[in-house]
Protein chains: 2
Amino acid sequence: MLQHSTDPQLDRVFLALADSTRRAMIEQLSGGPRSISELAAPYDVTLTAIGQHVLALETAGLVKSEKVGRVRTVTLEPKALARAERWLVTHQKRWAQRLDRLGDLLAEDDDDDASATKTKSPKK
Amino acid sequence: MLQHSTDPQLDRVFLALADSTRRAMIEQLSGGPRSISELAAPYDVTLTAIGQHVLALETAGLVKSEKVGRVRTVTLEPKALARAERWLVTHQKRWAQRLDRLGDLLAEDDDDDASATKTKSPKK
DNA sequence: CGAATGCTGAAGCATGGACTTCAGTATCCG
DNA sequence: CGGATACTGAAGTCCATGCTTCAGCATTCG
């Protein structure tokens with residue numbers, strides 16, 4: 001069981017979201033497409049830095065971008081975010097359930113778990 | 001006005017999730033509390049490494065842990081995940097909306113795929 | 001008691017991330 | 001044309017992560 005998923009794409013999505021600047025950029029972009037300069041405006045960093053953030057978001061699949069003339073326009077891409085969201089919702093549900101039943105389980109001892117945390121397992 | 005949220009706690013949550021080992025550990029934990037050794041079992045890393053992952057998860061608020069005797073037991077903590085989920089849901093909704101309207105804008109503005117008779121009113 | 005178990009702390013190392021500066025290139029504007 | 005604009009690439013710094021080994025310290029068991 002315990003499938004170790006090892007999903008590098010999901011890694012990238014969460015990593016991209018783990019930065020407040022990039023999250024803020026996403027918020028900006030939810031108002032519509034923006035150029036690199038427009039994205040850079042609110043922050044006190046160089047254009048280069050913002051370009052690198054865009055690359056991170058693009059690698060994660062969270063945005064796409066296209067250059068027309070000398071301006072690169074960045075647009076949100078909903079699919080990758082949906083995947084991250086699905087992971088979260090699934091797992092949160094799963095363990096909210098568990099916490100729910102915890103109330104009941106506290107009365108008696110639990111048994112739905114194969115590795116038997118309560119018993120000493122000297123198998124090794 | 002575009003306010004830059006700068007939320008270090010949320011940073012930590014997403015960063016913690018940006019690692020497949022830690023996500024897999026969370027999956028394990030959704031089956032119930034586990035000791036450090038039990039968490040380590042499926043992976044080919046040292047106990048120390050797993051201890052560090054647990055610390056990362058704990059810093060993010062995703063788990064809590066308590067040591068009884070010589071065994072540290074790790075348990076899921078749903079609240080932090082709910083926060084991450086809320087961020088995702090909010091933003092995904094926001095821009096799904098936008099993409100929705102985008103379809104309409106394309107249809108009336110520059111339409112080569114007028115095949116779909118978009119008679120819906122997207123304003124809400 | 002002594003040995004095994006379960007973890008923890010300190011240190012070190014390799015890699016990658018976030019940022020910078022500097023030097024371009026391509027485009028647009030007057 | 002010439003200059004401003006909008007990026008882009010290369011390189012370099014700095015710090016955080018993820019991992020290791022090794023040593024140590026309680027705790028539990030025979």
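Lettering of chains follows the sequences in order, A, B, ..., and the numbering in each one begins at 1.
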Which heavy atom of A/L39 sits nearest to which heavy atom of A/M25, and what is that distance? CD1-CE, 4.0 Å

Can you check the A/E66 CD to D/dT8 P distance for me, whole Å? 12 Å

Gap between atoms CG and P, on A/L39 and D/dT8 respectively (whole Å): 12 Å

Side-chain N,O (B/R12) to OP1/OP2 (D/dT17) below 4.0 Å: yes

Shortest non-hydrogen pair, A/Q28 vs A/R34, comes out as O-NH2, 3.7 Å

Given atom CE of A/M25 and atom P of C/dC19, what is their separation to the nearest angstrom? 10 Å

Specify the separation, in whole Å, of atom CD1 of A/I36 and atom C1' of D/dT5. 14 Å

For the student: nearest non-hydrogen atoms of B/L47 and B/A40, plus distance: CD1-CB, 3.6 Å

Output yes when at least one side-chain N/O atom of B/R22 is less than 4.0 Å from OP1 or OP2 of D/dG18, else no. yes

Ignoring hydrogens and angles, tell me if any N or O in the side chain of B/R12 forms a donor-acceptor pair with the backbone of B/E58 under 3.5 Å. no

Respond yes when some side-chain nitrogen or oxygen of A/T48 is under 4.0 Å from OP1 or OP2 of C/dT20, and no when none is. no

Taking only Lys NZ, Arg NE, NH1 and NH2, and the carboxylate oxygens of Asp or Glu, determine whether B/D11 and A/R23 approach each other closer than 4.0 Å. yes

Are OP1 or OP2 of C/dG6 and a side-chain N or O of B/R72 less than 4.0 angstrom apart? no

What are the two closest heavy atoms between A/Y43 and A/I50, and how far apart are they? CD1-CD1, 4.0 Å

Once you round it to whole Å, what is the distance between P of D/dT8 and CG of A/L47? 8 Å

Rounded to the nearest angstrom, tell me the gap between atom CG in B/L15 and atom C1' in D/dA16. 9 Å

Under a 3.5 Å cutoff, is there a donor and acceptor pairing between the side chains of B/R72 and B/S65? yes

Expected output is a numbered-order residue list: members of residues 50-57 of chain B with a heavy atom under 4.0 Å from any atom of DNA chain C. What is it? none

Rounded to whole angstrom units, what separation is found between the CG atom of B/D11 and the C1' atom of D/dT17? 15 Å

Under 4.0 Å between a side-chain N/O of A/R70 and OP1 or OP2 of C/dT25, yes or no? no

Verify the contact: side-chain N or O of A/K67 to OP1 or OP2 of D/dT8, cut-off strictly under 4.0 Å; return yes or no. yes

